[in-house]
Structures are given as C-alpha cells and as structure tokens.
Amino acid sequence: MHKAAPAHDPGDDELEVRPPQTVAAGAAAVGHALEIAVEQMGVRRTLGTLLRVNQVDGFDCPGCAWPESTDRSHAEFCENGAKAVAEEATRRRVGADFFARHPIADLAGRSDYWLGQQGRLTQPVVRRPGGTHYEPIGWAEAYDLIAAELAALDDPDGAVFYTSGRTSNEAAFAYQLLVRAFGTNNLPDCSNMCHESSGSALTETLGVGKGTVLLDDIHDTDLILICGQNPGTNHPRMLTALEVAKGNGARIVAVNPLPEAGLMRFRNPQHVGGVVGRGMALADRFLQIRVNGDLALFQALGARLLEEDRRDPARSVLDHGFIAEHTDGFDAYAAHLADLDWDEVEAATGLTRAEIDETVADVLAADRIIVCWAMGLTQHRNSVPTIREVVNFLLLRGNVGRPGAGACPVRGHSNVQGDRTMGIHERPSGAFLDALGAEFGFDPPRRPGHDTVDSIRAMRSGSARTFLAMGGNFLAAAPDTDATAAALARCRLTASVSTKLNRTHTVPGEVAVILPCLGRTDRDEQSDGPQHVSVEDSMGMVHASRGRLAPPAPDLPSEVEVVAELARRLVADRTTADWTAMQADYGTIRDHISRVVPGFEDYDRRVVDGFTLPNAPRDHRRFPTATGKARFTVNPLTRVDVPEGRLLLQTLRSHDQYNTTIYGLDDRYRGIRRGRRVLFAHADDLAALGFADGDRVDVVSEWDDGERRAPSFRLVAYPVARGTCAAYFPEANVLVPLDSTAEVSNTPTSKSVVVRFEPAAP
Ligand SMILES: Nc1nc2c(c(=O)[nH]1)N[C@H]1C(S)=C(S)[C@@H](COP(=O)(O)OP(=O)(O)OC[C@H]3O[C@@H](n4cnc5c(=O)[nH]c(N)nc54)[C@H](O)[C@@H]3O)O[C@H]1N2
Ligand SMILES: Nc1nc2c(c(=O)[nH]1)N[C@H]1C(S)=C(S)[C@@H](COP(=O)(O)OP(=O)(O)OC[C@H]3O[C@@H](n4cnc5c(=O)[nH]c(N)nc54)[C@H](O)[C@@H]3O)O[C@H]1N2
Ligand SMILES: [Mo]
C-alpha cells in the first residue's frame, strides 16, 4: 500500500505544542523511522535498503558524516538515516505530466515539504525564455544547451558552480576538473555555510583544516565537551559512541542554549534494554550558554587554567613540555587572558562564575579531553576566533595528537569533507593546482573564486550570469532568501543536477534546466560494468559506497556521467583528460586522484576495504602551519550587541528534516507537531516583551542595511537561554542578512540574528 503524496500542507490551526521530551531515541524512534520508510518505499524495499546502510558491501548513508564503527552491528543506521534513505528510495515519481500540471508559479507557492514529497525526478526539463512551465527536453539537447550557454560567456568567471556535500569523491574530482578546465575557481559549496569557520581556524592554528580525533578516541577519553551540536537529531549514531565513552568512564559536558533531548538522556534502540527502560543520562553537566557566548566561555576556561597553573606550579595544570616543544604564541595568549573582563564573560555566556569553576574542576580531573562542535559554533560573526579559542584551550593541556584527546568538528553532509579534499574549493592551494595541472597537462586558473555569499553578490550585480548546481538547494540553504532569489532570477541560465524537486527550481533564470540524476542508493551501471563511488567521513576515513536499487528511470545519468557529458562538449581539447574512460570506469578517476591528492596513493585498491587519511597533528604532533608549530592566538572578546527589546535568534534543524528537505512536520523531541512556523523563546523574555505563548507574531530582523520580515510565527514558551530565541531553518533564512557574515570564513551568521516581534496581522 502506498499513500499518495500530500495534496496540500496542513494549515496553521493544526499545529500542536506539547512539553519537550527529555530522552532521545528508543522504541519511538525505530517505530517512527519504519513508518516513514514504509510509507515511501513499501515493506520489501524498506528491508532491502535499510539492511545495507553503512555495511561493508552496501552504500554510505546519505545522512550525516559521523563515521561507522569497525564492528558494525546489523542495524548500523538510525532513525534519521532511515528517513534520509526513504526520501531518496521513495517510489513516488515526478515526470513530464507533473510539470504540465504545475506551472512554475504554482510550484513557487508550495512548501518545501510538499515539493520534496512529490518524489524522484525522472526526466530532464527546461524552462525556455518567457515560459510559464518546465517542459521535457532530450538529454543531448539539454547538455548542448548548457554547454552552449557556458561557451558563450566572454569571461569564465561569469559562471558559478555550486556543490552540495553529497557528491561522491569521484564526481567531485571530475566536476572541479571540468570547472577549472573551463577557466574559473568559482566553486562555492555548502561548506561555505557550514564548517568553513572550523576549516579556517584549524588550518591557521593546527595546520590542517580537519578534526584530529578518530572514533576510538571518542570511545576512550576522560571528558567530552559537546558545544553547539544536537547529536540526538543530527548525528544520532554519535550517541552510541557517547554511550561507549560513558561506559568507559568519560564525563560529558553539554554546552547549548537549549536542553536538547539527545544531549540529556539516551535509549539505544540497537540494544533490547534500550528500546524500553529509562536509558542512560548522557550529559553530566549542562551549561545553558547564551547564543554566541562560546568565545567568552573558552577564554574563561583558559584564564582559569592559567591561574591554577600559576598558583600551583607543581600540579602540572598545563602541559609545559608540549607547549614549549610544539607551540608558539603562548606568552602573548597568557598575557591577553590575564586581563579577562569577568563581567563581560558573564554577560556573554549567561553562566555563573560557579558554573565555570565547576567545569574547570572537570577539566583538571581529566587527563584526556575532546571538544566536539557543529553549527552552534560556526555560524556567528566571531566563529573563527571562537574556534581558535577552542584550540587554545586544547593546547594548554596538550590535548592534541595523543589518544583520547583532540578537536572534533562534527561535519554535516555525508561527503562534505571529501568534496573539499577533492578540490571543491574557491581558494584551492597552489600545491593542489600544480598537481592538477601536471596530471592533466593544463594551466589551472589561479585567481580565487567566489564562495557562496560572493556568488550571490556576483549574480545580483550581473557579473555572474550562469549558475550550475551539483546537488543541493541553493535558494533555500543560502541566507537572505529574497536577495538570493533576486540573484538567481537575474541569471541567463540556471541549471541543477538534482534527485528531488526543491525551492531552487522555482526561481529559474531566463533559461532553466533540471537534470535528474542517480542517488547513493541507486545502481550505477556504466559501459565497463557496475560502479561504486567513495566518500570521506568526518574523521577522515575513506570508504566505498555501492547502490543496488533499480534507478527511478532507466536512462538516469550518474553525477559523473553528467560531468563527462558537459566536459566532452565544453573542454574536450583543453586538458589531456579522457572523459569517456573516466565515465566508463570510475577506477580511472581514482587513479588520477591518487596522483593529485596526497594520502590517496593506491586509492582504487585500498578503497575496497577503506582507509584512514593521514593527519599530521593527530598522527605525529606535526603542525604544518606558517611557523611549523601549533599556534596559540590572541582574540578580542567580542559578542553580538542586542539592543533593548530584542532577542538574539539562532536558526536550527527540527527532528524531521535534512537541511532544506522536510521529511515531516513534527519535531518530536521539542514537542512540536504538524507545523514549522514556530519561534521558541523563554517565557520570561516573552512576558517582558509583552507577548505570551501562543501569540502569532511577525519576526523582524534588524541589520545595518534595514529590516527583513518573516510573517506569522507562533510563539512557544521554551526553556532556551535568556535573551535568545530559535526558529527553524529554512523558514527563518529570509531574516539572515546577506552581508552579515563571519570574519575570515564569510559564513552567514545563521545563529546570530538580532530580531524583534510585532503582532501578526490577523
Ligand atoms: N537528521 C539530520 N541530520 C543532519 C542534518 C539535518 O538537517 N537533519 N544536517 C546535516 C548538516 S549539513 C549539518 S551541518 C549538521 C548540523 O548539526 P547541528 O549543528 O547539530 O545542527 P543545528 O540544528 O543547526 O544545531 C545547532 C545546535 O547548536 C545550538 N546552538 C545554537 N547557537 C549556539 C551557540 O551560540 N552556542 C552553543 N554552544 N550552541 C548553540 C542549538 O541549540 C542546536 O542544538 O547535521 C547534519 N546531519
Ligand atoms: N538559516 C540557516 N541556513 C543554513 C543552515 C542553518 O543552520 N541555518 N545550515 C547551512 C548548512 S550547515 C548547510 S550544509 C547548507 C545545506 O545546503 P544544501 O546542501 O544546498 O541543501 P540540502 O537541503 O542538503 O540539499 C537538498 C537537495 O539536494 C538534492 N540532492 C539530494 N541528494 C542528491 C544527490 O545524491 N545528488 C544530487 N545531484 N542531488 C541531490 C535534492 O534535490 C535536494 O532537494 O545549508 C546552510 N543553510
Ligand atoms: Mo552542513
């Protein structure tokens, strides 16, 4: 039995608010996952796919980038992984008849949930100049059209090539080669909106823009700080690792403005005892920090450790041996923190001196410490300095480059880290370009390209006129939805390689093309036989992924094939690359990669069993920074100024979504059902502002260049940190100003937006 896709969205009056839950996962999670999976895939397909997620011979879960354990249980997936698989392996289809029935104006009026629920795209379509509908186009004609538009540009920098983080290593490598052979580094990607701040800060301070811990380190450590991350929803398999860590005696400190269910208590659905029962308390300490307070928190921890060290030099509070041998900048850092303004720390963090002192006691009791973080740290104006302070904190006690210790930025998309390793980067290193040019006999462009925000500016000003997306949903993911829509609409051509319909398709350029493609779960047959691809997880482990399902339409190309088709038309004679051979056998692409990207030697053979990429700080305490040492840095203590009568808004994910893909309208752990236009704020803040739970308000963001408005949100009194509030991404993206970005990384400040409320029009 298959239910049809929803014909309409539930109205606002169906929204239900209950008290938040305090335990994550357990039986409810398994039940909910199976319900969604069976609804989309049917029973047979559900069993056939879910048993293959993250197995050695199966496909990599298209959900998060959390690594697989080497002793994989049969059910190495989680509720939200199951939803991600169901979303892709659905039996619903979008064909030519669908586009005939729904003009673009109609699609533009639909919700993200409705668009995604229509099913897999099966046929290439085009919107011709002035057209009101997408209409069918042949594959060859579609490729010809895109190649001709690109070839007609007088400057290759007039094109923008976006990538989302699901693209495999093989497709990503081929894609960046196509783009650089074409002549530009305009390769913005979802990283620019995600962990760019982590990459920037870690590269500068440790010399490698990736984390320094492996799964075994998490399992066997003394203290884990989890900052700005909601693993119960976004990395559910991480809870299993935390459970192991706790079993081995680790303490966990959760740093979050919200008491997220997954941080507080966990019932592991993979154990019989976990399906029932009360589960295990995860966080030993909950620091309910104000939004944007983490820079101050880590400075405070650092200042207190320095003070303890001075008071009792015999106690080895700091690892002076490590500091002397492996770091520089310590004296300037210590001098800076000697003047720390504690009133400012309390104002920024909302934490008491006692809470900070108790955390320092946790730190002093721990020989090995890991700091994990995600978007709660990376999407603020001062995110790069914040993550530099995380590094300072780790360096003080030598918590880098030894077992059970280190920095753990927890990545989002399942291959976002791999895409960067493969060269999806608007500012590639000279060494990468040298190797690429030598391998393919050409001279890659050296000018830095546009990141995501700069791409929007370039399209808005008309200096970029062609937009091509390898996956993702640029319009809904980017900040300042109205500005981004205006930018896309100004383009001569917008083209998307996509598995599902999404908001980006509803704002076409003068000419717009949608090219459907295979996903992770689909079988990929090329002329040399069935192909597998490979991905890199959050901890630098690379492994193969092989889909097995019959594709949703017989002639759907893989992403590699789309790249090869365009390359043969556009750049055939510009490099020595043999695009037909690369498409026929992805092993050929892996052979190229093995000669261009360090750490991938003998890639094609080693990927069968999987391997871990080398990481100098982690493996050898070698720090390839500008000075050859790990670097202490000095960062001014800053925070967002929130005027009277305003709150600081962060935008976050519900439990039923994958970024802009909305699986369902519930957020079970936070007690929300059948609706997404909610705004969580503290009851006392609401009262002080003259509002109450249940009121409908317009949310207005205030920024240097004026105001932005998101109409009609229901206020929900919720235990968030005082002075702050939260709403869902992507509904709230319209409030994030395009020019409000992080220093250095240029990441939109999706977790720091100053807002006020106005009563909504009745
Ligand atoms: N099921 C599912 N899985 C996913 C995704 C998904 O949408 N759905 N998305 C994937 C992607 S691309 C990513 S990047 C990750 C995202 O994973 P997360 O970073 O966990 O996602 P967010 O919902 O943005 O949550 C941010 C968390 O930070 C907290 N926070 C907000 N501001 C601050 C702050 O100033 N300080 C601190 N300490 N905390 C703060 C919020 O309360 C929230 O708990 O998940 C990946 N996995
Ligand atoms: N306000 C606010 N904005 C944010 C964030 C936030 O926390 N707050 N988070 C940011 C973050 S962390 C990220 S990573 C970005 C996410 O930005 P994106 O990666 O651009 O967005 P997604 O929603 O993951 O993209 C979903 C679309 O990808 C396509 N797709 C799915 N699988 C495949 C595939 O295998 N191949 C191809 N070709 N297409 C596929 C489908 O068409 C689907 O509609 O959003 C950012 N935007
Ligand atoms: Mo992300």
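Bear in mind the structure is a predicted one, so any value in this text is a computation, not a measurement. Order of appearance sets the numbers: ligands from 1, and atoms from 1 within every ligand. Hydrogens, waters and symmetry mates are skipped; everything else that's a heavy atom, side chains included, is used.
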Sub-4.0 Å atoms of ligand 1 with respect to non-hydrogen atoms of [X]:
X      : answer
Asn80  : 1 (N)
Cys194 : 14 (S)
His413 : 12 (S)
Thr233 : 1 (N), 2 (C), 3 (N)
Gly228 : 19 (O), 26 (C), 27 (C), 28 (O), 29 (C), 37 (C), 38 (N), 39 (N), 40 (C)
Asn292 : 34 (C), 35 (O)
Cys64  : 47 (N)
His235 : 15 (C), 17 (O), 45 (O), 46 (C)

Looking only at protein heavy atoms, which one is nearest to [atom], and how far off is it?
atom                    : answer
atom 41 (C) of ligand 2 : Thr499 OG1, 3.5 Å
atom 44 (O) of ligand 1 : Glu260 OE2, 2.6 Å
atom 25 (O) of ligand 2 : Gly472 CA, 3.3 Å
atom 7 (O) of ligand 1  : Asn659 N, 2.7 Å
atom 4 (C) of ligand 2  : Phe729 CE1, 3.3 Å
atom 42 (O) of ligand 1 : Asn256 OD1, 2.7 Å
atom 23 (O) of ligand 2 : Thr660 OG1, 2.6 Å
atom 1 (N) of ligand 2  : Asn733 OD1, 2.7 Å
atom 15 (C) of ligand 2 : Ala477 CB, 3.9 Å
atom 11 (C) of ligand 2 : Arg653 NH2, 3.5 Å
atom 20 (O) of ligand 1 : Asn230 N, 2.8 Å
atom 10 (C) of ligand 1 : Tyr658 OH, 3.5 Å
atom 36 (N) of ligand 2 : Glu559 OE2, 2.7 Å

For ligand 1 and [X], I'd like to know whether there is a polar contact (N/O to N/O, distance under 3.5 Å).
X      : value
His380 : yes
Tyr663 : no
Met375 : yes
Lys751 : yes
Pro231 : no
Gln379 : no

Has Gly412 got any heavy atom lying under 4.0 angstrom from an atom of ligand 2? no

Non-hydrogen atoms of [X] and [Y] that approach each other most closely:
X      : Y      : answer
Lys751 : Thr651 : NZ-O, 2.8 Å
Val507 : Ala485 : CG1-O, 3.5 Å
Lys210 : Leu202 : O-CD1, 3.7 Å

Should Arg237 and Glu68 be marked as a salt bridge (charged side-chain N to carboxylate O under 4.0 Å, His left out) after you check the CA-CA gap, both sets of side-chain angles, and the distance that decides it? CA-CA 8 Å; Arg237 288 178 299 113; Glu68 279 82 56; 3.6 Å; yes

Residue [X] vicinity, atoms of ligand 2 by number, heavy atom under 4.0 Å:
X      : result
Tyr162 : 17 (O), 18 (P), 19 (O), 20 (O)
Ser498 : 39 (N), 42 (O)
Ser164 : 18 (P), 19 (O)
Gly471 : 37 (C), 38 (N), 39 (N)

For ligand 1, which part of Asp294 has a heavy atom less than 4.0 Å away: the side chain, the backbone, both, or neither? side chain

Just heavy atoms, cut-off under 4.0 Å: does Val416 contact ligand 1 by side chain, backbone, both, or neither? neither

If you compare Asn234, Asp112, Asn502 by their heavy atoms, the one closest to atom 43 (C) of ligand 2 turns out to be Asn502

Are the aromatic ring centres of Phe474 and His505 under 6.0 angstrom apart? no

Start with the C-alpha distance between Glu346 and Arg290, add both sets of side-chain angles, then the distance that settles salt bridge (charged side-chain N to carboxylate O under 4.0 Å, His left out), and finish with yes or no. CA-CA 10 Å; Glu346 281 175 32; Arg290 284 198 61 211; over 6 Å; no

Testing the 3.5 Å rule here: is there a donor-acceptor pair between the side chains of [X] and [Y]?
X      : Y      : answer
Thr452 : Asn192 : yes
His195 : Gln417 : no
Tyr728 : Asp667 : yes
Tyr586 : Asp524 : yes

Do Lys500 and Glu87 meet the salt-bridge criterion of a basic N to acidic O distance under 4.0 Å? yes

Tell me whether Arg670 is salt-bridged to Glu260, with the criterion being a basic N under 4.0 Å from an acidic carboxylate O. yes

Is the backbone N or O of [Y] less than 3.5 Å from a side-chain atom of [X], with the two atoms forming a donor-acceptor pair by type?
X      : Y      : result
Asp419 : Ile424 : no
Thr506 : Ala108 : no
Gln229 : Pro231 : no
Asp537 : Met539 : yes

Checking Arg546 against Asp60 for the salt bridge (charged side-chain N to carboxylate O under 4.0 Å, His left out) test, could you report, in this order, the C-alpha distance in whole Å, the side-chain angles of both residues, the deciding distance, and whether it holds? CA-CA 8 Å; Arg546 187 190 289 268; Asp60 182 67; over 6 Å; no

Residue pair Tyr658, His413: steps toward the ring pair (Phe, Tyr, Trp, His ring centres under 6.0 Å) verdict: CA-CA 9 Å; Tyr658 192 95; His413 266 299; 5.4 Å; yes

So, 4.0 Å and heavy atoms of Pro257: is ligand 1 close enough to count as a contact? yes

Below 4.0 Å from any atom of ligand 1, is there a heavy atom belonging to His195? no

Only one of Arg653, Met193, His380, Gln650 forms a side chain to side chain contact (heavy atoms under 4.5 Å, CB included) with Met375, so which one is it? Arg653

Cation-pi check, Arg520 onto Phe59 ring (under 6.0 Å, within 45° of axis): no

